[in-house]
Structure formats: C-alpha cells, structure tokens
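In what follows, a structure is listed as structure tokens, so that the remarks can point back to it.
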Amino acid sequence: MPIDISGWKHIFKIDPDRYLSDEHLDLLCESGTDAVMVGGSSGVTFDNTVDLLSRVRRYEVPCLLEISESDAIVPGFDAYFVPVVLNTEDGQWITGQQQQAVREFGATMDWDLIVPEAYVILNKHSTAAKVTGATEVRDEKDLIAYARLADRLFRLPILYLEYSGTFGNMELVRKASAVLQQARLFYGGGIDGPDRAREAAEAAHTVIVGNVIYDDIDKALSTVRAVKG
Ligand code: 1GP
C-alpha cells in the first residue's frame with residue numbers, strides 16, 4: 001500500500017548533518033506532527049542517515065527519507081521522497097541522478113514506498129538553489145506554469161514550493177495551490193513560529209518546518225499546535 005499523505009498538514013524536516021539532542025528529537029517525534037522527514041542539501045551520508053533513522057524509529061511517527069544523495073539511500077524508512085527539480089536547466093536534478101539510482105536499485109525497489117516531489121526552488125540564496133542551479137521564477141505566471149507542469153503534465157502527487165531559509169510570498173503560494181487538481185502543495189521555508197506556520201498552512205496543504213528546530217525548539221513545537229490545532 002502506498003503511504004497516504006492526503007491528511008498530512010505538518011512535517012518536521014531534520015538534517016542528518018546537524019546535531020539534534022535525544023531530548024529534542026523526543027519532543028519532535030511526540031509532538032503530534034504528521035511525519036518526520038530526514039533530508040538535507042549537503043553533508044548527507046549513509047552513516048549519518050542510518051544514525052538518524054535508528055533514533056526516529058523508536059517512535060510511531062512516520063519516518064521519511066527525502067533523497068538528495070544516492071549513496072545515502074538507507075533501507076527501513078516508511079517512504080522515500082524523490083525530488084524532481086522543475087526550475088533547473090541541469091538535467092542531473094530532473095532525471096539524471098534519479099535514473100542512476102533506479103539503474104542501481106530499480107529491480108528490487110518497493111515502488112509503493114516511492115513518492116515523487118515536483119520541486120520549485122524559490123530562494124535563490126539557499127543551498128538547494130545553488131546545488132541544483134535553480135533558475136529564477138520571474139513572476140506569478142511562471143509559478144503557475146510550474147504548478148500545472150507538476151499537476152497536469154507530469155501528474156506528480158506533490159508540488160513542493162521550497163523557500164528554504166526565508167519566508168515566502170503566501171499570495172503566490174495560494175495562487176499556485178488554487179490551480180492544482182490532484183497534487184498536494186507542500187510549503188517549506190522560514191516558518192519560525194506559530195504565526196508564520198498558521199499563515200503558511202492557510203495557503204498550502206502541508207507545511208514543512210526545518211531550521212527553527214535547531215534555533216528554538218519551543219517555537220518549532222508551537223508550529224504543530226498552530227497548524228493542527
Ligand atoms: C527545507 O523546506 C524546508 O527544505 C524547511 O525550510 O529550514 O527554512 O524551515 P526551513
């Protein structure tokens with residue numbers, strides 16, 4: 001059975017390359033969030049991914065791997081989220097790395113566990129933008145076109161608007177969300193407390209909370225209550 005993401009409103013994203021105490025991890029996993037996603041844009045290795053998986057596995061919360069590095073694909077996650085970057089001209093982030101990973105693992109993979117994500121990277125200063133060579137999304141029309149590419153042309157289940165490190169334009173997020181017919185809109189970037197969490201949750205189906213986990217754990221936890229009540 002494919003994992004059911006249809007009711008998810010909130011996800012914590014934790015980075016294998018950053019230190020997180022057992023106490024804080026416990027608070028995140030017991031917070032009522034819908035899932036914990038393991039992922040990062042740099043420094044992700046097999047070893048630090050295994051380490052984080054084994055620590056999250058003690059809890060009931062679904063544990064997802066967002067794959068950014070084919071050498072760090074670790075068995076045992078509940079699902080594997082595979083980004084496909086729409087706003088890049090560098091083919092390795094669209095089909096290149098994915099094809100190589102499927103070449104390696106395709107025959108034995110459990111495809112029910114694979115969830116593709118159409119990524120649009122909107123903060124050009126983010127590591128993700130630099131790593132993938134993300135191109136500028138110039139205006140609303142550009143973004144809507146990407147939303148339709150994801151939803152109607154490629155029929156991917158998730159459109160992920162990635163503002164990583166900065167809070168995005170919620171008016172744009174709302175407009176992109178409005179044209180989706182089947183995809184869920186994931187929003188991530190700059191959610192640093194309950195107010196922004198609430199605002200983002202009004203515009204997107206699912207909000208992803210990352211950095212604030214490492215800056216202020218109480219504020220991170222407050223985003224769950226803000227989104228899920
Ligand atoms: C990063 O979208 C997530 O991939 C969350 O962004 O770290 O800015 O919360 P922040």
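By the 4.0 Å N-to-carboxylate-O rule, Arg57 lies close enough to Asp78 to be salt-bridged with it.
Put simply, the side chain of Tyr163 never gets that close to the backbone of Tyr187: no donor and acceptor are under 3.5 Å apart. Side chain of Arg196 to main chain of Gly190: a donor-acceptor pair is present (N/O by atom type, distance under 3.5 Å, no hydrogens or angles). Side chain of Arg184 to main chain of Gly7: no donor-acceptor pair is present (N/O by atom type, distance under 3.5 Å, no hydrogens or angles). Proximity of a side-chain donor or acceptor of Asp151 to a complementary backbone N or O of Gln182 within less than 3.5 Å is detected. Formation of a donor-acceptor pair under 3.5 Å by the Ser177 side chain with backbone atoms of Arg174 is not found in this model. Of the possible polar contacts, none joining the Asp90 side chain to the Gly133 backbone as a donor-acceptor pair under 3.5 Å is found.
Sorted by first and then second residue, the pairs that involve residues 25-45 and meet side-chain hydrogen bond (donor to acceptor under 3.5 Å, both in side chains), not counting sequence neighbours, are His10-Thr33, Asp26-Tyr59, Asp34-Lys228, Thr45-Asn48. Screening residues 95-105 for side-chain hydrogen bond (donor to acceptor under 3.5 Å, both in side chains) gives Gln92-Gln97 as the qualifying pairs, with residues at least two apart or on separate chains. Legend: side-chain hydrogen bond (donor to acceptor under 3.5 Å, both in side chains) pairs involving residues 120-139, not counting sequence neighbours, sorted by first then second residue: Arg138-Asp142. Within the structure, every pair that satisfies the ring-ring contact (aromatic ring centres under 6.0 Å, His included) test and touches residues 82-121, not counting sequence neighbours, is listed here: Tyr119-Tyr160. Residue pairs meeting the salt bridge (Lys or Arg N to Asp or Glu O under 4.0 Å) criterion with at least one member in residues 204-215: none, sequence neighbours excluded. Every pair passing salt bridge (Lys or Arg N to Asp or Glu O under 4.0 Å) that includes a residue from residues 39-56 is listed here, sequence neighbours excluded: Asp22-Arg55.
Partners of Phe186 according to the ring pair (Phe, Tyr, Trp, His ring centres under 6.0 Å) rule, which considers only residues two or more places apart in sequence or in another chain, do not exist here. Listed by chain and number, the residues in a side-chain hydrogen bond (donor to acceptor under 3.5 Å, both in side chains) with Arg148 amount to none (sequence neighbours excluded). In this view, Lys9 satisfies the side-chain hydrogen bond (donor to acceptor under 3.5 Å, both in side chains) rule with no residue, not counting sequence neighbours. Qualifying side chain to side chain contact (heavy atoms under 4.5 Å, CB included) partners for Leu113, counting only residues two or more places apart in sequence or in other chains: Tyr80, Asp110. Scanning for side-chain hydrogen bond (donor to acceptor under 3.5 Å, both in side chains) contacts around Glu140 gives Lys175, with sequence neighbours left out. Applying the ring pair (Phe, Tyr, Trp, His ring centres under 6.0 Å) criterion to Tyr146, with sequence neighbours excluded, gives no partner residue.
Glu60 CD: 12 or fewer foreign heavy atoms inside a 6.0 Å radius.
Ile67 and Ile5 are assigned to two separate hydrophobic clusters, defined by single-linkage of ILVMFWY side chains at heavy-atom distances under 4.5 Å. Both Phe167 and Val224 are assigned to one and the same hydrophobic cluster, defined by single-linkage of ILVMFWY side chains at heavy-atom distances under 4.5 Å.
Here CG of Leu52 is found 6.5 Å from CG of Leu25. Values are rounded to the nearest 0.5 Å.
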Any chance you could lay out the side chain to side chain contact (heavy atoms under 4.5 Å, CB included) test for Val44 and Thr49, step after step, and finish with the verdict? CA-CA 7 Å; Val44 179; Thr49 304; 3.5 Å; yes
